[in-house]
Amino acid sequence: MSKQDTAPVLHCKIDEKAFSRAMFLCRVFTGLAMVYFSLGCLFYWREFLVNTAALGFPFAVPLAFFVGAAELFFGLFLLLGWHTRLSALVALPLTLICAIIFFAGDYNKAFVALCLLLCAPLGTLLLLGPGIISLDYKRSQRAARRFFRG
């Protein structure tokens, strides 16, 4: 017998309730931050539009409105847990674009902190999913019941 055969096997037990609560809190805080950020962009429309035009983005008016509104809707989707992985995937680049416009291309410490603080939980939600406390879970339960009805 070699040493590799006698090595202990480690098992990781996951508490589903704790995991779901953690994913719920991650979704809520990230969604609230995205909604707050997008409402700030939409309430200060003129500055956001001027920044979009000053950075040289094409179609500044429609782009600024689209980015602000999309950030708002994907933040709401994350709050509800509706299409969570797709919302997190789309919100990652959208958040970066919105932050570049909001800070007018000035990459200071606040910009880097915002990007890191929003991209870390979005990546977590993208990889791990929404958990039990979400509309995605309810939708998958209904689909499973329909499939296994017989």
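Along the sequence shown, the residues carry numbers beginning at 1.
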Give, for atom [atom1] of [X] and atom [atom2] of [Y], the distance between the pair rounded to the nearest 0.5 Å.
X: Ile133; Y: Arg21; atom1: CD1; atom2: CZ; result: 7.0 Å
X: Glu16; Y: Met23; atom1: CD; atom2: CE; result: 10.5 Å
X: Leu49; Y: Ile101; atom1: CG; atom2: CD1; result: 10.0 Å
X: Phe66; Y: Cys98; atom1: CZ; atom2: SG; result: 11.0 Å
X: Glu71; Y: Tyr36; atom1: CD; atom2: OH; result: 14.0 Å
X: Leu89; Y: Leu94; atom1: CG; atom2: CG; result: 11.0 Å

Shortest non-hydrogen pair, Ser38 vs Gly68, comes out as CB-O, 3.5 Å

Does any part of the side chain of [Y], heavy atoms only, come nearer than 4.5 Å to the side chain of [X], both counted from C-beta?
X: Leu78; Y: Leu122; value: yes
X: Thr84; Y: Phe77; value: no
X: Leu125; Y: Pro130; value: no
X: Tyr137; Y: Ser134; value: yes

Is it true that, when you exclude [X] itself, more than 12 heavy atoms of the residues, nucleotides or ligands shown sit nearer than 6.0 Å to its [atom1]?
X: Phe103; atom1: CZ; value: yes
X: Phe57; atom1: CZ; value: yes
X: Arg85; atom1: CZ; value: yes

Pair Ser87-Trp82, side chain to side chain contact (heavy atoms under 4.5 Å, CB included): steps then yes or no: CA-CA 8 Å; Ser87 297; Trp82 184 250; over 6 Å; no

Could you walk me through whether Asn51 and Ile100 satisfy the side chain to side chain contact (heavy atoms under 4.5 Å, CB included) test, starting with their C-alpha distance in whole Å, then the side-chain angles of each, then the deciding distance to 0.1 Å, before giving a yes or no? CA-CA 9 Å; Asn51 289 348; Ile100 289 170; over 6 Å; no

Is the Phe37 to Phe102 ring centre distance short of 6.0 Å? yes

Criterion side chain to side chain contact (heavy atoms under 4.5 Å, CB included) on Phe65 and Trp45, from CA distance to verdict: CA-CA 8 Å; Phe65 178 73; Trp45 172 254; 3.5 Å; yes

Tell me whether Leu42 is reachable from Met34 by hopping between hydrophobic residues (I, L, V, M, F, W, Y) whose side-chain heavy atoms are closer than 4.5 Å. no

Is it true that a side-chain atom of Thr30 and a backbone atom of Arg27 form a donor plus acceptor pair closer than 3.5 Å? no

